[in-house]
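To keep things clear, I will list the structure first and then write my remarks on it.
The analysis underlying the following values was restricted to heavy atoms, covering all of them including side chains, and did not include hydrogens, waters or symmetry mates. Position 1 is the first residue of the sequence; numbering continues from there.
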Amino acid sequence: MLVETSNNINKLLIISRFIEGLHLFSKEQVNDNCKRSILRFFFIHIDNLLKIVPRTKNNLFRECLITQKQKKEIERLTKILSKSYDNAYDTIRDKIGAHSQPVDLSSLLKWWHEIDFTTVEVLYEDATNLLSSFSVVNCVKFLPAPDHTPVVLPARSRLSPDVTQPSISTDRLAVMKPNTMAMIACHPSQEKAQLILSIIEFLEIDFEFTSIVEEPTTIYHSTLFEVAWLLAIMDTCSLLDNLFEDTGYDKSLLNYWKEINAAGCHDLEDFLSRRDSEFESSLRNIRNTLAAHIDNEKPFQELYKRYLELDLEALYKYACIFINCFRTACRRDHRTKMFNIHNMPVDGVISVPNWTKPFDN
């Protein structure tokens, strides 16, 4: 087997492990919001699978490691998965998962609710059928599905399925949380701040989940540990981009606040000068070649080595610096103080109408 083909097979193996682990996670007793947040990674790897399979199949055929009939079967199963995926979930992958980008509220509501039991089951079945078609190659041995050792949540965990008391939330996903009063943005600068708050909430879930599956003793928990840290890498990059970088999709919060002369601009500019370009470059390298996408060219061992060498504690501390920067900046102006009441409990209210579609329905 040629080196390129072997590299692609190794990538299929890791994709298989992530898909298996996340499918098991979808059955955990975790609240729907946190479950959907973690399962963003599932859609990234369905997309990775569809991109890596064609080249792998063609290489195997050229090397006479699969027959014409086996090649046709792989193509048939690829079409089934592609039809189920049908680029319909690109919004989840591109604008909620791999990157956090602007999405109008109605579309966001629709696609967030598409992360559900039925969608995961359909894509999982199609993906595993496709992956199993590669088992005809003598040297390809997929690991068996990891034993499902349930995740044990600590007391008062944000991942707990228990219904919380009524609260008010100012992030862009607030209208999709149970028992939650939500703020509807009326200005692009507010929409950008809400987007940043959703990224911060993703990071809080990422980091809490890494501590829950810390020091894993099973393949399943080890897989979830890596999922949570790779999500944290993506979400930290998204946080920095939305705070400071203009893109073809939108302006940064810093430039929005400059336009309205928000007092918090000075804090954002101060923290802009404190960015560590070398550390961020290492993060983006992992984000671009392993976390948000699996690089088609480089060997998997090289990509994975970069992740293993990353100082995870430094990542946590670096993300916290800019989370606290945003919160400090919001306190400076009466127009932005509202973003610091995020997830604040509301006393004297029994319940709030629920617009959330349950994950299992």
Side-chain angles (χ1 to χ4, degrees), residues 13-46 48 92 96-98 115-117 120-121 124 127-128 142-162 164 198-239 283 286-287 290-292 294 300 303-320 323 359-360:
L13 294 175
I14 192 65
I15 289 170
S16 173
R17 182 159 71 88
F18 282 136
I19 287 175
E20 288 285 359
L22 287 161
H23 176 250
L24 289 174
F25 172 76
S26 71
K27 304 177 189 302
E28 290 283 359
Q29 295 300 306
V30 171
N31 70 65
D32 290 352
N33 186 60
C34 291
K35 186 173 287 189
R36 287 181 164 116
S37 177
I38 297 296
L39 285 171
R40 291 177 295 147
F41 207 58
F42 179 84
F43 294 85
I44 288 170
H45 281 287
I46 295 294
N48 279 330
I92 297 172
I96 305 174
I115 307 176
D116 66 4
F117 177 82
V120 170
E121 287 297 313
Y124 170 76
T128 51
F142 288 99
L143 290 172
D147 292 336
H148 184 198
T149 309
V151 173
V152 179
L153 300 180
R156 302 178 66 83
S157 169
R158 72 165 53 246
L159 280 77
S160 171
D162 298 334
T164 58
S198 286
I199 298 169
I200 290 172
E201 186 153 292
F202 286 158
L203 280 165
E204 289 171 344
I205 294 167
D206 301 338
F207 290 135
E208 180 166 340
F209 200 45
T210 63
S211 67
I212 291 170
V213 290
E214 198 173 26
E215 299 180 1
T217 56
T218 66
I219 293 173
Y220 172 54
H221 284 192
S222 176
T223 301
L224 294 183
F225 183 78
E226 291 183 356
V227 165
W229 277 112
L230 290 170
L231 280 169
I233 290 168
M234 290 191 303
D235 291 333
T236 300
C237 291
S238 290
L239 175 64
L283 283 186
I286 298 168
R287 196 276 297 272
L290 181 64
I294 292 184
F300 174 73
L303 305 178
Y304 192 61
K305 184 172 180 285
R306 292 173 186 168
Y307 161 71
L308 292 178
E309 290 174 348
L310 181 68
D311 186 335
L312 299 179
E313 183 178 358
L315 167 59
Y316 171 76
K317 290 179 178 178
Y318 197 69
C320 287
I323 290 171
F359 178 84
D360 292 328

**Prompt:** Mind checking whether F359 and N31 have side chains closer than 4.5 Å, heavy atoms only?
**Reply:** no
**Asked** Hey, does the side chain of R40 reach the backbone of S37 with a donor-acceptor pair shorter than 3.5 angstrom?
**Response** yes
Review item, side-chain donor-acceptor pairs of residues 209-219, under 3.5 Å, at least two apart:
from	atom 1	to	atom 2	distance (Å)
T210	OG1	F207	O	2.6
S211	OG	E208	O	2.6
T218	OG1	H221	N	3.0

**Item:** Distance in Å, T128 OG1 paired with H23 NE2, rounded so as to fall on 0.5 Å steps
**Value:** 8.0 Å
**Message:** A side-chain contact here means heavy atoms from C-beta on lying under 4.5 Å apart; do L315 and W229 qualify?
**Reply:** yes
**Item:** Inter-residue atom distance E28.CD - L159.CG, 0.5 Å rounding
**Value:** 10.0 Å
**Asked** Taking side chain as C-beta onward, heavy atoms only, is F25 less than 4.5 Å from F42?
**Response** no
**Complete:** Heavy-atom closest pair (A319 atom, T236 atom, distance to 0.1 Å) is CB-OG1, 3.7 Å
**Complete:** On a heavy-atom basis, the closest approach of L203 and A232 is CD2-O, 3.6 Å
**Message:** With a 4.5 Å cut-off on side-chain heavy atoms, are I286 and L310 touching?
**Reply:** yes
**Item:** Rounded distance (nearest 0.5 Å) linking atom CD1 of I205 with atom CD1 of I200
**Value:** 12.5 Å
**Request:** Might you point out which heavy atoms bring A127 and I19 nearest each other, and give the distance in Å?
**Result:** CB-CD1, 4.2 Å
**Fill in**
Quick note, salt bridge (Lys or Arg N to Asp or Glu O under 4.0 Å) partners involving residues 217-233, not counting sequence neighbours, are R17-E226
**Fill in**
Correct closest heavy-atom pair for L39 and L22 would be CD2-O, 3.5 Å
**Request:** Kindly give the heavy-atom pair with the smallest separation between R287 and C237, and that separation in Å.
**Result:** NH1-CB, 3.6 Å
**Message:** If I take atom CG from residue N33 and atom CD1 from residue I115, how far apart are they, to the nearest 0.5 angstrom?
**Reply:** 10.0 Å
**Message:** Classify the ring geometry of Y307 against Y304: parallel below 30°, tilted from 30° to 60°, perpendicular beyond 60°.
**Reply:** tilted
**Message:** Rounded to the nearest 0.5 Å, what separates atom CG in L231 from atom CG in D206?
**Reply:** 5.0 Å
**Residues, nucleotides or ligands: over 12 heavy atoms within 6.0 Å of K305 NZ** = no
**Message:** Is there a side-chain contact (heavy atoms from CB on, under 4.5 Å) between I46 and Y124? Walk through the geometry before answering.
**Reply:** CA-CA 9 Å; I46 295 294; Y124 170 76; over 6 Å; no
**Request:** Kindly indicate whether the side chain of M234, heavy atoms from C-beta on, has any atom under 4.5 Å from the side chain of I44.
**Result:** yes
**Prompt:** Any chance CD of Q29 has more than 12 other-residue heavy atoms, nucleotides or ligands included, within less than 6.0 Å?
**Reply:** no
**Item:** Ring geometry between F18 and H45 (parallel below 30°, tilted from 30 to 60°, perpendicular above 60°)
**Value:** tilted
**Prompt:** Between atom CG of N48 and atom CD1 of I14, what is the distance when rounded to the nearest 0.5 Å?
**Reply:** 11.0 Å
**Request:** With the side chain counted from C-beta on, respond yes when P161 and L153 share a heavy-atom pair under 4.5 Å apart, and no when they do not.
**Result:** yes
